[in-house]
Amino acid sequence: MLGVLILLLGAISVFAQHASIKTATGYLHVYNGTPHSFTFEISGKTVEAKQAAGNPAFSIDGNLVQVLLIPRTNFDPDRKVKDDVILQAHQTWEMDYLKKEIFQSDLKVESESTVLGSEKALFWSFVRTKYTVEFDRDAFFTMRLGDGIVGLSTPVKLGEDISAGRERLSKILKTIKISEKPFDIQKLSDNIRKGLPIS
């Protein structure tokens, strides 16, 4: 049934929550937080809401996409990083974790600064050094959200071109709508159920 709220994940604070609302083509993912909230649309022939490593995630036509929401305090606690390189600072922090905790080896990252809509964004990926039975790369697309980072990640299947992973992530991020006020999740759900445009 369209417009049914199917996923409420653990609140980050009393004012913050993730929710996914079923639509005709997939889901509308909603994050309500302070000082910024956002929505984006996830669509495909088959879309299933999931969790991955404690984060909201979606299986889109058999491809996993994970939602990332990282406060600046995680990777720049002393606020020494200049705003114009905050995406690169997050990437370095994330790669350090992946090298030490997941792959236990050096990883070569490839990255490209770009723009999605009117927002600066960073697309980056690396070749796995292990866990390569099904996937050989991982791809990330990130952009700034207030004082932190919002983004998506996806593993890239063996034989799949990296451009497919990039398109999978950019298609979703291009639909992002950012608000300084929380979204009315029930109203969004009712509008979707009535077939009204997502706004």
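Only this structure's heavy atoms are used, side chains among them; waters, hydrogens and symmetry mates stay out. Counting from 1, the numbers follow the sequence of the chain as shown.
- Counting only N and O atoms by type, the side chains of Asp190 and Gln186 include a donor and acceptor under 3.5 Å apart.
- Taking the ring centroids of Phe103 and Phe126, they lie under the 6.0 Å cut-off.
- A single hydrophobic cluster is not seen to contain both Phe135 and Val127; linkage of ILVMFWY side chains at heavy-atom distances under 4.5 Å, directly or through other members, places them apart.
- Note: Asp138 CG to Trp124 CH2 = 9.0 Å, rounded to the nearest 0.5 Å.
- Ile176 places none of its side-chain heavy atoms less than 4.5 Å from the side chain of Thr39.
- Heavy atoms only, all atoms of each residue included: Leu87 and Lys120 are closest at CD1-O, 3.8 Å.
- Between Thr129 and Ser105, the shortest heavy-atom distance links the atoms OG1-OG, 2.7 Å.
- Under the 4.5 Å side-chain criterion, counting only non-hydrogen atoms from C-beta, Leu68 is not in contact with Leu152.
- With contacts defined as side-chain heavy-atom distances shorter than 4.5 Å, the pair Val156/Ile162 qualifies.
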- Task: Please assess Arg166 against Glu112 for the test side chain to side chain contact (heavy atoms under 4.5 Å, CB included), listing each intermediate value before the final yes or no.
- Result: CA-CA 11 Å; Arg166 180 185 178 123; Glu112 177 191 348; 2.7 Å; yes
- With salt bridge (charged side-chain N to carboxylate O under 4.0 Å, His left out) as the test, would you mind laying out the steps for Arg144 and Asp83 before giving the verdict? CA-CA 9 Å; Arg144 188 168 176 184; Asp83 287 349; 3.6 Å; yes
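- Annotation: the span from Asp184 atom CG to Ser37 atom OG amounts to 11.5 Å, rounded to 0.5 Å.
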- Message: Test salt bridge (charged side-chain N to carboxylate O under 4.0 Å, His left out) on Arg168 and Glu160; report intermediate values, then the result.
- Response: CA-CA 12 Å; Arg168 192 156 54 241; Glu160 182 183 30; 2.8 Å; yes
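- Other residues, nucleotides and ligands contribute at most 12 non-hydrogen atoms within 6.0 Å of the CD atom of Glu180.
- Counting heavy atoms from C-beta outward, Ser111 and Gln91 have side chains that approach closer than 4.5 Å.
- Taking each heavy atom of Val67 and Asn55 in turn, the nearest pair found is O-CB, 3.4 Å.
- Judged purely by atom type and a 3.5 angstrom limit, Asp76 uses its side chain to pair as donor or acceptor with the backbone of Lys80.
- Put simply, Tyr97 and Phe140 are part of the same group of oily side chains (I, L, V, M, F, W, Y) that touch within less than 4.5 Å, one to the next.
- Ring geometry, His18 versus Phe38: the interplanar angle exceeds 60°, so the pair is classed perpendicular (tilted spans 30 to 60°).
- A distance-only check finds a donor-acceptor pair linking the side chain of Asp161 to the backbone of Ser163 [under 3.5 Å].
- Ile149 and Val81 are assigned to two separate hydrophobic clusters, defined by single-linkage of ILVMFWY side chains at heavy-atom distances under 4.5 Å.
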- Item | Working for side chain to side chain contact (heavy atoms under 4.5 Å, CB included), residues Thr142 and His90 | CA-CA 9 Å; Thr142 57; His90 163 257; 4.0 Å; yes
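- With hydrogens and angles disregarded, no donor-acceptor distance shorter than 3.5 Å links the side chain of Thr132 to the backbone of Arg128.
- A heavy-atom distance below 4.5 Å is found between the side chains of Phe141 and Leu116.
- Cluster membership for Leu122 and Leu107, using ILVMFWY side-chain heavy atoms within less than 4.5 angstrom, is shared.
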- Would you sort out whether Ser43 and Thr25 count as a side-chain hydrogen bond (donor to acceptor under 3.5 Å, both in side chains), showing the intermediate values? CA-CA 5 Å; Ser43 61; Thr25 57; 4.7 Å; no
- Message: What verdict does the salt bridge (charged side-chain N to carboxylate O under 4.0 Å, His left out) test give for Lys45 and Asp61, after you've listed the backbone C-alpha separation in whole Å, the side-chain angles of each residue and the deciding distance to 0.1 Å?
- Response: CA-CA 6 Å; Lys45 293 178 182 176; Asp61 300 330; over 6 Å; no
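- Counting heavy-atom neighbours within 6.0 Å of Lys130 NZ, excluding the residue itself, gives a total above 12.
- Contact between Lys157 and Gly62 at its shortest, heavy atoms only, is NZ-O, 3.4 Å.
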- Take Leu28 and Phe40, measure what side chain to side chain contact (heavy atoms under 4.5 Å, CB included) needs, and give me the verdict at the end. CA-CA 6 Å; Leu28 177 70; Phe40 47 62; over 6 Å; no
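- Taking the ring axis of Tyr27 as reference, the NZ or CZ atom of Lys22 stays within 45° of it and closer than 6.0 Å to the ring centre.
- Looking only at distances, a side-chain donor or acceptor of Thr175 sits under 3.5 Å from a matching main-chain atom of Glu41.
- In this structure, Ile42 and Val65 have side chains that are not in contact, with every pair of non-hydrogen atoms separated by 4.5 Å or more.
- The distance from the CD1 atom of Ile172 to the CD atom of Glu167 is 10.0 Å, given to the nearest 0.5 Å.
- Taken from OG1 in Thr154 to CG in Leu169, the straight-line distance is 5.5 Å, to the nearest 0.5 Å.
- In terms of heavy atoms, Ala52 sits closest to Leu64 at CB-CD2, 4.4 Å.
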- Query: How far apart are the C-alpha atoms of Gln66 and Lys50, what are their side-chain angles, what is the distance that settles it, and do they pass the side-chain hydrogen bond (donor to acceptor under 3.5 Å, both in side chains) test?
  - Reply: CA-CA 9 Å; Gln66 182 178 2; Lys50 296 178 167 287; over 6 Å; no
- Thr92 and Phe75: CA distance, side-chain angles, deciding distance, side chain to side chain contact (heavy atoms under 4.5 Å, CB included) verdict: CA-CA 9 Å; Thr92 299; Phe75 59 91; over 6 Å; no
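- Asp147 places no side-chain N or O within donor-acceptor distance of the main-chain N or O of Arg72, the cut-off being under 3.5 Å.
- Hydrophobic clustering (side-chain heavy atoms under 4.5 Å, transitive across Ile, Leu, Val, Met, Phe, Trp, Tyr) groups Ile70 together with Ile102.
- Environment of NZ in Lys171: sparse, with no more than 12 heavy atoms of neighbouring residues, nucleotides or ligands closer than 6.0 Å.
- Shown here for Gly117 and Val115, the closest heavy-atom pair between the two residues is O-CG1, 3.2 Å.
- Glu110 and Lys108 are not joined by a salt bridge, as no carboxylate oxygen comes within less than 4.0 angstrom of a charged side-chain nitrogen.
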- Message: Under the criterion ring-ring contact (aromatic ring centres under 6.0 Å, His included), I'd like the reasoning laid out for Phe58 against His29: C-alpha separation, chi angles, the key distance, then a yes or no.
- Response: CA-CA 10 Å; Phe58 299 88; His29 186 74; 5.7 Å; yes
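- Rounded to the nearest 0.5 Å, atoms CE (Met143) and OG1 (Thr114) are 10.5 Å apart.
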